[in-house]
Amino acid sequence: MPPSASFDPSNRYDRQVRLWGEEGQASIGTTSACVLGSDSLATETLKSLVLAGVHSFFIVDDARVEHADLGQNFFLQNDDIGRSRAEATLEKLTELNPSVSGRASCQSPTALAQEDVEKLATFSVVVSANQSESIDTKFAEVLYNIRVPFVCIKSYGLIGTIRICIKEHTIANSHEENPRPDLRLDAPFKTLSEIINETNLNEMTVEQLRHTPYILLHFKALDVFRKHRNNENAFPETTNARKEIQQILQSFRRSTEHSGTKDSENFDEAKAAVMRAFQKTTIGASVQSILSAAESSDSTQPFWLICEALRRFVKFNNGLLPLRGTLPDMTSDSNRYTRLAAAFHEKALLDAQEVLRLTREVEKERGVGDVISDDVCYRFCKNADRIRVQHGALLDYTRETKECVRKVQEMSIEEQSREEKVDSAIWLLLMRAVGRFRKEKGRFPGTNGVPVSIDAQDLKKRVEVLIRESVQEEGEIKPILHNVTDNAIAEMCRFGAAELHVISSYVGGIASQEIIKLATNQYVPIDNTFVFDGHTQESSTFKL
């Protein structure tokens, strides 16, 4: 039987499907990546993408395999010396996953940049691995305008960087850690209200009370809280008010004549959950900004079509998002928990069906077909409070160098610690200086047998030039340059443009994760710069 006939994505990608679901894996399965370069950093990035199950990849590199490549790229062997590096790495990469197709081109990335834009538009993402600043800039400008994500990655000695350039990226599920449960304590829906009204704690046996789901205990405590205030709309919005809810819950406890103890796991859960559960059901500022964005009013992109439908739903649903429809685990007898879970699930389905109906209206108004499936709409509604949108800036090394200089200028570095640790912004500034050095001298500092001490002086001059180009006052240059230590400059020269496999593996792995985030529209990608310092094994992110 051929491999394609027996291939089951849910089995092969079982572990990662648990992270981003079958819909996420399906998105990965349609992703096509174009990678500029075939060095260690490029192949490590591709390795993780191929293993994740992308649809296809395309390597563009005119380099030939040299002896030096063997020490830093595990995908190359002695027999490959003299061959096209792109073709040699292609062979090894396609062996990792037979369901992924790959192609290689021996042309230079510069030649590809000069081809028709339509060719670049066919890729889901373009990755630039250790390319020159001029190549990065050319691709960034083209891809930014056609809304194709561009990921620029570099590995230089013990330093690794990632820069994500994308005009707009929509996130259907940010996978927020420990999200607050959507229990609607302040706005119970009809079926939930019926269950609450049927619940009478006083008529229960102790055993029944001890197996009452804590969400019902919360509602009953809220009833007492409101009666104390003679206000049927009162809600505990302060810490002291929530502590009062905890005291009311304590008063509900009962003990049996046999045991004499009031200990009960469900009441302990109810007390512990009070501070997080008793929050007003509101729409977060980030979601509010998305629903009110201009794109919701006119865009034909699927994300924005549902956002407009969601906005209309919220308008006629008392300002509430669709119910998430899931309950947290809680101590309960099977019957009551099952009934509650079914009520929440059915209400979530009803809300999603209404949003789908509104989506069909929006699609018709904007002249597009039924692009949103029932399943997509349901998932979107389930995670409606976790949608996000990122707006990125065009890659501009001149502007970003000024940002780096500003960050270095704002640093407050103690004299004793200057030599011990170098800030990420300084490493990034030094990477820019290396780029300038390469552009002007046609080589990297510390190469061609030139002593480190000599190249360090030349590199420092270029750091000073970059600072001078970035500030307005002459007096600002010296304090900024003081923060860039001579030892850090010399370290960049000592690297000698070496590409360490351990750094490439680490940075390439992170880059592939970011590409998967872009492909699945799940989790929040780096916005927009990542720097890894191999000296301290520390990383940092910031926006340029």
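No experiment lies behind these values; they were computed from the predicted model shown.
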Next on the checklist: Check the orientation of H175 and Y523. Use parallel for under 30°, tilted for 30 to 60°, and perpendicular for over 60°.
Outcome noted: parallel

Checklist entry - Yes or no on side-chain contact (heavy atoms from CB on, under 4.5 Å) for F139 and C152, after CA distance, side-chain angles and deciding distance? => result CA-CA 10 Å; F139 276 91; C152 179; over 6 Å; no

Next on the checklist: Would you say NE2 of H501 has more than 12 non-hydrogen atoms from neighbouring residues, nucleotides or ligands within 6.0 angstrom?
Outcome noted: yes

Checklist entry - CD/E400 to NZ/K543 distance, rounded to the nearest 0.5 angstrom? => result 11.0 Å

Next on the checklist: Which label fits F123 and F58: parallel for a plane angle under 30°, tilted from 30 to 60°, or perpendicular past 60°?
Outcome noted: parallel

Checklist entry - Less than 4.0 Å between a side-chain N and a carboxylate O, is that true for E464 and R468? => result yes

Next on the checklist: Looking at K402, I'd like to know if its NZ atom is crowded, meaning that more than 12 non-hydrogen atoms belonging to other residues, nucleotides or ligands lie closer than 6.0 Å.
Outcome noted: no

Checklist entry - Roughly how far, to the nearest 0.5 Å, is CZ of R379 from CD of Q522? => result 8.0 Å

Checklist entry - Using 4.0 Å as the upper bound for N to carboxylate O, is an ion pair formed by R436 and D458? => result no

Checklist outcome for this item: Rounded to the nearest 0.5 angstrom, the NZ-CG distance for K407 and N483 is 14.0 Å

Next on the checklist: Please determine whether salt bridge (Lys or Arg N to Asp or Glu O under 4.0 Å) holds for the pair E87 and R103, giving the CA-CA distance in whole Å, both sets of side-chain angles, and the decisive distance to 0.1 Å.
Outcome noted: CA-CA 8 Å; E87 293 179 350; R103 294 181 297 129; over 6 Å; no

Checklist entry - Within the side chain of Q131, is there an N or O that forms a donor-acceptor pair under 3.5 Å with the backbone of P109? => result no

Item to check | Working for side chain to side chain donor-acceptor pair (under 3.5 Å), residues T485 and N487 | outcome: CA-CA 5 Å; T485 65; N487 187 47; 5.4 Å; no

Checklist entry - If you look at every heavy atom in F437 and D455, which pair is closest and at what distance? => result CZ-OD1, 3.6 Å

Next on the checklist: Does F74, at its CZ atom, have more than 12 non-hydrogen atoms belonging to other residues, nucleotides or ligands within less than 6.0 Å?
Outcome noted: no

Checklist entry - So R18 and D14, side-chain contact (heavy atoms from CB on, under 4.5 Å) or not? Walk me through it. => result CA-CA 7 Å; R18 301 178 196 180; D14 175 64; 2.5 Å; yes

Checklist entry - So H535 and W427, would you call those rings parallel, tilted or perpendicular, with 30° and 60° as cut-offs? => result parallel

Item to check | Neighbour count above 12 (heavy atom, 6.0 Å) for K280 NZ | outcome: yes

Next on the checklist: Does Q288, at its CD atom, have more than 12 non-hydrogen atoms belonging to other residues, nucleotides or ligands within less than 6.0 Å?
Outcome noted: yes

